[in-house]
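So the structure is just underneath, and the comments pick up after that.
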Amino acid sequence: MTPTTAALAADLERVAHERGDITDAVYREFFARSRDGAALFEHTDDPTRGRMLQHTLELFSEDGHLEPGAYLDWELDNHLVGYRATPAMYDAFLAALLAIVTAGAPSDAQACWQQRCAEVLARVRAFNNHNPVATP
């Protein structure tokens, strides 16, 4: 496990201890940041949102998901192509996630969260640049 991933996995323990289930908070923040995102998720239920957040958190707490052809690319193909999600929605969702998980986090953990978000967003943009169906 990389040092960043290890730090994020440990900080997720802090978040769980301090905040409990953050699903509702993350999605409230996301919907406030993205009307298009709110519209896309209009008919999703709480368990689906919880699973989606869990999968997102795996990008932060496990190694290997950001490599070309790995898990994130599969999700991007599904979301950007299949559901017409946009990179702007990813920006808003990850900004919402950061707002929730970094509240009260030590500065080194905040830096790790920001670094991993930048890595995820770079992968989103790289995927989108090679996929003409997805909307910028």
Side-chain angles (χ1 to χ4, degrees):
M1 185 177 284
T2 67
T4 297
T5 303
L8 290 170
D11 198 56
L12 275 173
E13 294 293 325
R14 176 197 59 82
V15 171
H17 178 73
E18 291 177 2
R19 306 278 314 255
D21 185 355
I22 61 171
T23 303
D24 288 340
V26 170
Y27 280 95
R28 266 193 314 276
E29 184 72 22
F30 170 51
F31 297 155
R33 292 170 182 263
S34 175
R35 287 184 188 181
D36 291 337
L40 184 65
F41 280 81
E42 185 175 22
H43 299 292
T44 59
D45 58 14
D46 290 340
T48 299
R49 290 178 185 175
R51 281 191 304 277
M52 292 178 77
L53 180 58
Q54 178 183 351
H55 292 298
T56 301
L57 292 173
E58 289 171 7
L59 299 174
F60 291 82
S61 62
E62 297 178 18
D63 290 322
H65 291 315
L66 303 183
E67 301 300 320
Y71 175 71
L72 180 57
D73 279 2
W74 179 85
E75 286 287 4
L76 291 172
D77 187 49
N78 187 31
H79 297 162
L80 294 170
V81 178
Y83 290 102
R84 302 282 190 199
T86 65
M89 289 179 199
Y90 278 85
D91 289 338
F93 188 79
L94 291 177
L97 177 64
L98 273 177
I100 301 305
V101 298
T102 60
S107 60
D108 57 334
Q110 290 180 19
C112 288
W113 284 105
Q114 291 166 351
Q115 175 187 339
R116 186 58 53 89
C117 274
E119 293 167 356
V120 171
L121 290 173
R123 190 74 209 121
V124 169
R125 285 176 178 40
F127 182 92
N128 193 57
N129 288 340
H130 291 97
N131 190 326
V133 178
T135 307

Quiz item: Between L59 and Y71, is a side-chain contact (heavy atoms from CB on, under 4.5 Å) present by the stated rule, with each step listed?
Solution: CA-CA 9 Å; L59 299 174; Y71 175 71; 4.0 Å; yes
Quiz item: Can you pull the salt bridge (charged side-chain N to carboxylate O under 4.0 Å, His left out) pairs that have at least one residue in residues 66-76, sequence neighbours excluded?
Solution: D73-R123
Quiz item: Taking only residues two or more places apart in sequence or in another chain, which ones pass side chain to side chain donor-acceptor pair (under 3.5 Å) with T2?
Solution: T5, D63
Quiz item: Between Q54 and E58, is any pair of side-chain heavy atoms under 4.5 Å apart?
Solution: yes
Quiz item: If Ile, Leu, Val, Met, Phe, Trp and Tyr residues are connected whenever their side-chain heavy atoms lie under 4.5 Å apart, and connections chain through other members, are Y83 and F31 in the same group?
Solution: yes
Self-check item: Shortest non-hydrogen contact from P106 toward D11
Solution: CD-OD1, 4.0 Å
Exercise. Could I get the full list of side chain to side chain donor-acceptor pair (under 3.5 Å) partners for D45, not counting sequence neighbours?
Key: T48
Self-check item: Separation of R51 CZ from T44 OG1 (nearest 0.5 Å)
Solution: 10.0 Å
Exercise. Determine, using the 4.5 Å side-chain heavy-atom cutoff (strictly less than), whether L8 and M1 are members of one ILVMFWY cluster.
Key: no
Practice problem: Write out all pairs satisfying salt bridge (charged side-chain N to carboxylate O under 4.0 Å, His left out) with one or both partners inside residues 21-39, taking only residues at least two apart or from two chains. | Solution: E29-R33
Exercise. Grab the two heavy atoms, one from C112 and one from A7, that are nearest each other, plus how far apart they are.
Key: SG-CB, 3.8 Å
Exercise. Return each pair, listed once, that meets salt bridge (charged side-chain N to carboxylate O under 4.0 Å, His left out) where at least one residue sits in residues 109-122; pairs must be two or more places apart or across chains.
Key: R116-E119
Practice problem: State the CD-CD distance between Q115 and Q110, to the nearest 0.5 angstrom. | Solution: 14.0 Å
Exercise. Sequence neighbours left out, what passes salt bridge (Lys or Arg N to Asp or Glu O under 4.0 Å) with E18? Give chain and number order.
Key: R14
Self-check item: Spacing of OG1 belonging to T56 relative to CE belonging to M52, to within rounding of 0.5 Å
Solution: 7.0 Å
Quiz item: Heavy atoms, side chains only, cut-off 4.5 Å: are L80 and P87 in contact?
Solution: yes
Exercise. Grab the two heavy atoms, one from G37 and one from S34, that are nearest each other, plus how far apart they are.
Key: N-OG, 2.8 Å
Side chains of residues 88-99: which donor-acceptor pairs under 3.5 Å do they make with residues two or more places apart or in other chains?
| residue | atom | partner | partner atom | Å |
| --- | --- | --- | --- | --- |
| Y90 | OH | H79 | ND1 | 2.8 |
| D91 | OD1 | R125 | NH1 | 3.4 |
| D91 | OD1 | R125 | NH2 | 2.9 |
| D91 | OD2 | R125 | NH2 | 2.7 |

Quiz item: Could you give the distance from CD1 (I22) to CG (L12), rounded to the nearest 0.5 Å?
Solution: 7.0 Å
Practice problem: Measure up the F30 and Y27 rings against each other and bin them: parallel (under 30°), tilted (30 to 60°), perpendicular (over 60°). | Solution: perpendicular
Exercise. Could you list the residues that satisfy salt bridge (Lys or Arg N to Asp or Glu O under 4.0 Å) with E62, not counting sequence neighbours?
Key: none
Practice problem: Provide the full list of ring-ring contact (aromatic ring centres under 6.0 Å, His included) pairs with a residue in residues 100-122, sequence neighbours left out, each pair given once. | Solution: F60-W113
